[in-house]
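Structure first, commentary second.
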Amino acid sequence: MDAGTKTWRHDRPRIREILRLESSPGRISVEGWVRTVRHGKGVAFLAVNDGSCLASLQVVIDAAAPAGATLPQVGTGACVRVRGRMVASPGTGQRWELAADELEVLGPVDETYPLQKKRHGPEFLREIAHLRPRTNLFGAVFRVRSRLAFAVHRFFQERGFLYVHTPIITANDCEGAGEMFRVTTLDPFHPPGAAGQAAWGEDFFGEKTGLTVSGQLEGELFAMAFADIYTFGPTFRAENSNTSRHAAEFWMIEPEMAFADLAADCALAEEFFRYLVKVALQECAEELAFFEEYVASGLTARLEAVAAAVFERMTYGEAIEQLQRSGRTFAFPVQWGSDLQSEHERFLTEHVVKGPLFVTDYPVELKAFYMRLNDDGQTVAAMDLLVPRVGEIIGGSQREERLEVLERRMRACGLVPESLRWYLDTRRWGSCPHAGFGLGFERFLMYVTGVENIRDVIPFPRTPGNARF
RNA sequence: UCCCCAGUAGCUCAGUCGGUAGAGCAGGCGGCUGUUAACCGCCUUGUCCGUGGUUCGAGUCCGCGCUGGGGAGCCA
């Protein structure tokens, strides 16, 4: 399995392909961006990268050759087209190199080009998010992102799941998964209606709308027709969260399975998580080696361990006991009924089980209305998957399929059942047990790459106060 | 939103006790028998985040603000 090695144009082989050839293809033409220029007395070396892989192609230019005349125009960052013959490299560090006779500058650079042939900090690179994909780190991150996004679809498609596009614009503002961004075409300077009163009825959709915080509710509707479905799309939260783990716009994967209970939900989450880790190990080895060296040492061993491990399972009640028995003092007290804090979750996954951990069956007061009430009347069939370093990476539950119980839970949560009539209809007619979960794609990428800030695994991050690029 | 830390050359950073700013890299010029973020020599580069204050004198001390980072809450 090694997708992405074929080029779509025979006259522009990718550097990735060129570098892995067994024999010289003879004369070729290569296009890409210059990473470094090294000048010798009669010869110069360019490292040319086209984004197809981490490695750059070494281009050798004889100062006396025609290409040598163009050389003074080439600096770090320039876009070039090079023609010449592929030859075995006499130097160490690369097998092949391109002995250039033609060098064309497609896009010159000047001395103000901000990227240098040295390491930059991620904070600086975030300020030039339009240029950072040209760096080793972000090249690697976004190649992994692309490969894993494809693997997400492969996983579900191979298992017969239907891919459903749930709406981006929604009128559900009662799910409680977070603050919503408003979607409106009303004139902010001259809104209709009386002062101090919003006239949503006059708005584009005739009611108050916003960007989705989850595709789950619509996903459930499809699960009750296609049995196994998944969504994979952008999600928006207008929370004023300023952390390395939150973004206002992120991508979420949400499978939903009919005829599944919480145990089946966990089983799928575990299989899915392990599948993606294996794909990363098998198909992104070059990138992982880079992360191992420059981002997070021990990464590969951790991923290999996870790929082989059976994930631990623990109920919320057992988790509370473990924390109380640990003898540790936590900033937040541990008692049945209060939510697990970050410090508690990290202790459980990093010290108690030292690996991925499902915590299940939380007190009903802590969780959303749609989670199925357990027979004890105290807990709901919810699960969170906790992993070291990142914390909560998956949240899911078996859904409440009993109409009366669901309506009662909605009222208890301060929701008006009538506002979600269409959702309740699935329980009214042909209801069935079902379960699902949500995986934050960026959080998974953080886990797999070792990158510690969510802003560095999404191409153009949106966070409070920042929507540039 | 709360708590903590930081902001000095294009980048990474040093700057002692308050005495008017420096190194590496980048850039320019020159050298070098084929380099590997090459190397060697010379040269250029500053609103010390902004603002107000203390002081004979502030990059340094104090207040306020802005930006960035870490942590918390919320969550994926």
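In what follows, chains carry the letters A, B, and so on, assigned in the order in which the sequence lines appear, proteins first and then strands, with residues in each chain numbered from 1.
Between B:A21 and B:G46, the two C1' atoms lie 9 Å apart (nearest whole Å). Spacing between B:C3 and B:G22 at atom C1', rounded to whole Å, works out to 35 Å. Nucleotides B:G19 and B:C4, compared at atom P, are 28 Å apart to the nearest Å. Atom name P, nucleotides B:U8 and B:C48: the rounded distance is 11 Å, in whole Å. Nucleotides B:G59 and B:A9, compared at atom P, are 14 Å apart to the nearest Å. B:C64 and B:G41: their C1' atoms are spaced 49 Å apart (whole Å). One P atom belongs to B:C11, the other to B:G68, and the distance between them is 16 Å to the nearest Å. As rounded to the nearest Å, B:A14 and B:G28 have P atoms that lie 28 Å from one another.
Checking the phosphate oxygens (OP1, OP2) of B:A38, a side-chain nitrogen or oxygen of A:T36 falls inside 4.0 Å. Contact check, A:N242 against B:A72: no side-chain N or O comes under 4.0 Å of OP1 or OP2. Contact check, A:R245 against B:C74: no side-chain N or O comes under 4.0 Å of OP1 or OP2. Remark: A:Q58 is not in phosphate contact with B:U35, judged by side-chain N or O atoms under 4.0 Å from OP1 or OP2. Between A:S214 and B:A76 there is no side-chain N or O to OP1 or OP2 distance below 4.0 Å. Using a 4.0 Å cut-off, some side-chain N or O of A:K117 falls inside it from OP1 or OP2 of B:A38. Within the structure, every side-chain polar atom (N or O) of A:T243 is placed at least 4.0 Å from both OP1 and OP2 of B:G73.
Separating the CD1 atom of A:I454 from the P atom of B:G68 is a distance of 17 Å, rounded to the nearest angstrom. In this entry the distance linking CG of A:L98 with C1' of B:G34 reads 15 Å, nearest Å. The CH2-P distance, from A:W251 to B:C75, rounds to 24 Å in whole Å. A:E123 places its CD atom 13 Å from the C1' atom of B:C5, with the value rounded to the nearest Å. Going from atom CD of A:E239 over to atom P of B:C2 covers 15 Å, rounded to whole Å. Between the C1' atom of B:C75 and the CD atom of A:E249 lies a distance of 17 Å, rounded to the nearest Å. Summarising the geometry, the separation between CD1 on A:I61 and C1' on B:G34 is reported as 13 Å, rounded to the nearest angstrom. In this entry the distance linking CD of A:E442 with P of B:A76 reads 14 Å, nearest Å.
Side-chain contact annotation: A:Y370 with A:Q216, donor-acceptor N/O pair under 3.5 Å present. Side chain to side chain, A:N136 and A:R35 meet the donor-acceptor criterion of an N or O pair below 3.5 Å. Side-chain contact, A:T235 with A:R237: no donor N or O sits under 3.5 Å from an acceptor N or O. Under the 3.5 Å distance criterion, with hydrogens and angles disregarded, a donor-acceptor pair is assigned to the side chains of A:E254 and A:S214. Checking A:R38 against A:Q58 by side-chain atom types alone, a donor-acceptor pair falls below 3.5 Å. At a cut-off of 3.5 Å, with distance as the only test, no side-chain donor of A:T166 or A:E218 sits close to an acceptor on the other residue. For the 3.5 Å distance criterion, the side chains of A:Y294 and A:R119 fail to qualify, holding no donor opposite an acceptor.
Nucleic acid contact class of A:A247 (heavy atoms, under 4.0 Å, all strands): base. Residue contacts shown for A:F124 are limited to sugar-phosphate atoms, with no base heavy atom under 4.0 Å away. Base engagement by A:P90 is indicated by at least one non-hydrogen atom pair under 4.0 Å involving a base atom. Counting non-hydrogen atoms under 4.0 angstrom, A:T235 reaches nothing in the nucleic acid. Nucleic acid contact for A:G93: none, since no nucleic acid atom lies under 4.0 Å from a heavy atom of the residue. Using a 4.0 Å heavy-atom criterion, one finds that A:R119 contacts the bases of the nucleic acid, with or without backbone contacts as well.
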For nucleotides 29-31 of chain B, list the nitrogen or oxygen atoms of the protein found under 3.5 Å from its nitrogen or oxygen atoms, one pair per line.
none

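Within the shown strands, B:C5 is the pairing partner of B:G68 under the Watson-Crick or G-U definition, both distances less than 3.5 Å. Pairing for B:U36 is absent, with no Watson-Crick or G-U wobble pair whose two atom distances lie under 3.5 Å. Checking B:U47 for Watson-Crick or G-U wobble geometry (two distances, each under 3.5 Å) identifies no partner in any strand. Checking B:G18 for Watson-Crick or G-U wobble geometry (two distances, each under 3.5 Å) identifies no partner in any strand. The partner of B:C61, taking Watson-Crick or G-U wobble pairs whose two distances both stay under 3.5 Å, is B:G53.
A donor-acceptor contact under 3.5 Å is formed by the side chain of A:R443 with the base of B:C75. No hydrogens or angles were tested; on distance alone, nothing pairs the side chain of A:Q116 with the base of B:U12 as donor and acceptor under 3.5 Å. In this model, a side-chain donor or acceptor of A:H246 finds a partner on the base of B:C75 within 3.5 Å.
Comparing A:S241 and A:Y294, the nucleotide of RNA chain B nearest to each residue sits closer to the 5' end for A:Y294. Nucleotides of RNA chain B nearest to A:P114 and A:G91 differ in position, and the one nearer the 5' end is that of A:P114.
Here the shortest heavy-atom pairing between A:L137 and A:V295 reads CD1-CG2, 3.7 Å.
Taking the centre of each ring, A:Y163 and A:F232 stay at or above the 6.0 Å mark.
The shortest side-chain heavy-atom distance between A:V105 and A:T70 falls under the 4.5 Å cut-off.
B:U20 shows a glycosidic angle within 90° of 0 and is accordingly assigned syn.
Ranking B:A38, B:U36, B:G34 by closeness to the A:Q94 side chain, first place goes to B:U36. The side chain of A:E345 approaches B:C75 more closely than any other nucleotide in the set B:G70, B:C75, B:G68. With B:G27, B:U35, B:G69 as the choices, the nucleotide that has an atom nearest any side-chain atom of A:R38 turns out to be B:U35. The listed nucleotides are B:U36, B:G73, B:A76; the one nearest the side chain of A:T92 is B:U36. For A:F332, the side-chain atoms get nearest to B:G73 when compared with the rest of B:G69, B:G73, B:C74.
In this structure, A:F250 forms an aromatic stack with the base of B:A76, since both conditions hold: centre separation below 5.5 Å and plane angle below 30°.
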